[in-house]
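For the numbers below, each heavy atom of this structure counts, side chains included, while hydrogens, waters and symmetry mates do not.
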Amino acid sequence: MSPDRVATSTTSSSHDPAGTSVSASPAALPAVDVDVVVAVHDLARPVERAVASALRGADLTGVVPGGHRVRVSVMCHELEADAVRRAVLSRLDEDVADTVGAHTRFVEVRDGMGSPSGPFNAGLAAATGRYVCIIGSDDWFAPGALGSWVSRADRLGSDWLMARLETQDGEHVATPRVRPGRTTQLDFVRDRLAYRTAPLGLLRREALEGLGLLPGDGTGPLTPGMRTGGDVLLSLRLSTSGLRVDYGLDLPAYVIGTDGADRITEAVRPVAVELTALAHLLDEPWVVALPADVRRSLAVKVLRIHVLGAVRRRTSPVLWEPGEASTVQGLVRRCLDLAPDVGRALHRADEALVRDVAAARDVDDLAAAAARRGGAGRLDILLTSDPLANLDRESTVRAHAAAALSRAVPALRRAVRAAAPDPRPHAGDATGGRPLEGLRVLVLAFSPLTGDARVLKQVRHLVAAGAEVVTCGYGPAPDGVRAHVEVPPGTTNALDGRLITARAYRAAYWAQSATRWVRRRIEPGSADVVVANDTDTLPLAHALRPRLGVHADLHEFWPLWREEYPGWKARIGPYQEWICRTQLPRARSVTTVSDRIAQEYARRFGVRVEVVTNATPYAVLAPGPVGAPLRLVHTGAGLRSRAIHVMVEGVLAAARSGADVTLDLYLTSNDPPYLAELRASAQESGGVVRVHDPVPYAELMPTLNGYDIGIFVLPPVNFNYANALPNKIFDFVQARLGVVVGPTPDMADLVREHRLGLVTEGFDAAAVRAAVLAAVGSDVAAWKRASHAAAAELSDARQSRRWVDAIGAWVADRG
């Protein structure tokens, strides 16, 4: 085989632009987000650890095209690809080995050089993902690392998302030495990026191409032929080129394996070999052309860490080879030429070492100088000769101070939080940490997700608990999700009436276009858990075969959803019964919105059902003063079935009886003719009633806070209305309002238990009138204070924890 041949273990051959022979697998791997490149030169290396960690938690089965997909390229340097493949697979569990085999390519690289640059360059040149990532054969990614890096880099637009580094013993490697608290849009000088030599983390492939580092001819960005330090030039190009550099300091780490017997990067080598990459770097014309402050920062780091570091490690003449004195002296001069005042930043011991290196006649002198440096006193390795130079950005004193401040900032923040705890409940507090860490959860709903308050709460709590959430539904992706499958707006679910008449319910369900569309695009087995919202997703959720199971969340009692309409009750009611009877017992857990709806599901279908109310996120508000007139408000859907006109008539009757009140309605246009009728009534009310367009949800709590009482009297026209506990009641509480409701059991119980306001005697206008008149003569300020007192308990952080608790129990059962 020729010295420059590159080949996979398969047989079909082609040629890359550089003329090297490349053999590609007949079955192409799918498009990926991240191409991970690992180079291995020894079959004994634990490369399987790096490979398995790269694929852990990745989107391996295609939940969503372009999601967090990973491909690993194992570059087999001077090794047979099949031999490496067999060694890797033999050291993995069978199920992991299957995954590795499907998403990993083993590529032979034979260039006759003992440099890792060659295999890494070959892997990077063959990458097609949005990001590339290199990893040593002894190293690995902490659980969740790649996925969290992709999410962060996508959100920030990072060209290089630097990984946090730690050793396998858990020791944090404090490079780069960024400003305290700084992790985004890093600056080369102020954040001392010269101290991050290795380009570890995520690199945006387009950024590499834009810098000419992936020219498309089969070559790559690492310096060829370097036994060590071949990545130095790449790191410097990235961090000095004006690209966006961010630091994933709070994200899972890149773990440096320290159990390798002969790590290439740690092996003791001749000085010329150890410092060749630095010498090559200092010869680059573009380095000399860098701004003065950048050159100085680079020169201080190269001199202090690399050149003087090489000297300090060699305290005996036997560790030096002939001619190495001139090599070291030449590098010291080049650092001083790059930045003449570089010595000002050195402490006294290193400053003396520079003088000794310059004066050394042979390696004996260098060894003696290194020994003297090793015996330097504490102040000599801290302070500069010029006292003012201790304020220099590159001084040791300032570096220690910044490191101490960086360690102190998190502790200070914790202390402040402990001294003045945030009154708001948090989803993370409610769920007790991150019990769903790394779990792939598909949240499925045939609704516009960004407008579905209950689905958004599911997403928020699951993400806070550590789950990797993928959503599927209409419209754009909710914030915080790993990936999103957007159902096309014209693809809807509509039951075939002929199949319903024939009671061919299974056929009717699977004939719906949206259901079919999703089933074709989500691979069965690709999620650990599916959260199925409402009955129209349940058969689909089970068909997707999540590894741990299906959680059913039911927003209504569906078999009686429209029971007031005889046609619906006769035809669609039995279909809904069929779904519940056949699908609910298969669900691993079930939740719904109120106690009485939960009891009815349990009674009819023999399943245990927990309650997750439609609680509202905690709002940091205070009760406002009671107004004159007394200001009532109602929000929600403008539906005739909700009898909003009855509330209008009751308030107007109270006003005619002398009550100083107003009623404001914020309504969506679900039924335009009905909304027009309400607007007409408002125009005739003399200002007592006003109808407004709905406000964005982000503005709803501040808007409601300007009122005194939230009112909702819902006639029991069907089972769901009769047993409702709607989100608007919780909105009223978070807005710190008094509450007036009809005698709907769950609503009435809530108002009475927390002393939030009044419950009407009935559902007609006369009952509303009587309640409004009673409210005018009541201590409404006390009701508002009661809402304030109950706001934390009734917030979604407390109420919605059962979603996480239910799924967390499955994880615990799995062990």
* Report the residues that fulfil salt bridge (Lys or Arg N to Asp or Glu O under 4.0 Å) with D191, sequence neighbours left out, ordered by chain and then residue number. => R179
* **Check ion pair R454-D553 (N to O, under 4.0 angstrom)** => yes
* K457 (side chain) donor-acceptor with A615 (main chain) under 3.5 angstrom -> yes
* Charged N-O contact under 4.0 Å between D154 and R130 -> yes
* Between the main-chain N or O of A619 and the side-chain N or O of Q734, is there a donor-acceptor pair closer than 3.5 Å? -> yes
* Asked: Would you say the side-chain atoms of N121 pair up with the backbone N or O of L222, donor to acceptor, closer than 3.5 Å?
  -> yes
* Asked: Can any side-chain N or O of R196 pair as donor or acceptor with the backbone N or O of T175 at less than 3.5 Å?
  -> yes
* To do: Measure from the side-chain N and O atoms of S526 to the backbone N and O of I522, and report whether any donor-acceptor pair falls under 3.5 Å.
  => no
* **Atom pair OH (Y509) and OG1 (T535), whose distance is rounded to the nearest 0.5 Å** => 8.5 Å
* Asked: Which residues satisfy the salt bridge (Lys or Arg N to Asp or Glu O under 4.0 Å) test with E486, sequence neighbours excluded?
  -> none
* Asked: Has R204 got its NZ or CZ under 6.0 Å from the middle of the six-membered ring of W160, at an angle within 45 degrees of the ring axis?
  -> no
* Is a side-chain N or O of R801 found less than 3.5 angstrom from the main chain of A797, in a donor-acceptor match? -> no
* Side-chain ion pair, D35 and R71, N-O less than 4.0 Å -> yes
* Parallel, tilted or perpendicular, as decided by the 30° and 60° cut-offs, for the rings of Y575 and Y505 -> perpendicular
* Asked: So, does T491 use its side chain to make a donor-acceptor pair with the main chain of V487 at under 3.5 Å?
  -> no
* Please check if the distance between the ring centroids of F141 and W149 is under 6.0 Å. => yes
* Structure fact -> Sorted by chain and residue number, the side chain to side chain donor-acceptor pair (under 3.5 Å) partners of E166 (sequence neighbours excluded) come out as R164
* Structure fact -> With W810 as partner, the option from L439, D528, V529, L436 fulfilling side-chain contact (heavy atoms from CB on, under 4.5 Å) is V529
* To do: Please determine if D231 and R237 form a salt bridge, counting it only when a charged side-chain N lies under 4.0 Å from a carboxylate O.
  => no
* Pairwise distance OG(S158) to CG(D246) - rounded to 0.5 angstrom -> 3.5 Å
* Asked: So, the side chain of N493 versus the backbone of T515: is there a donor-acceptor pair under 3.5 Å, distance only?
  -> yes
* Are any of the side-chain nitrogens in D159 or R244 under 4.0 Å away from the carboxylate oxygens of its partner? -> no
* Structure fact -> Nearest heavy-atom contact between A532 and A541 is CB-CB, 3.7 Å
* Can any side-chain N or O of R516 pair as donor or acceptor with the backbone N or O of A511 at less than 3.5 Å? -> yes
* **Short side-chain to backbone donor-acceptor contact, R205 and T128, under 3.5 Å** => yes
* Which heavy atom in H484 sits nearest to a heavy atom in G475, and how many Å separate them? -> NE2-O, 2.7 Å
* Derivation and outcome, side-chain hydrogen bond (donor to acceptor under 3.5 Å, both in side chains), residues Q458 and N533 -> CA-CA 10 Å; Q458 292 169 3; N533 282 278; 2.7 Å; yes
* Does any donor atom in the side chain of H551 or T591 lie under 3.5 Å from an acceptor atom in the other side chain? -> yes
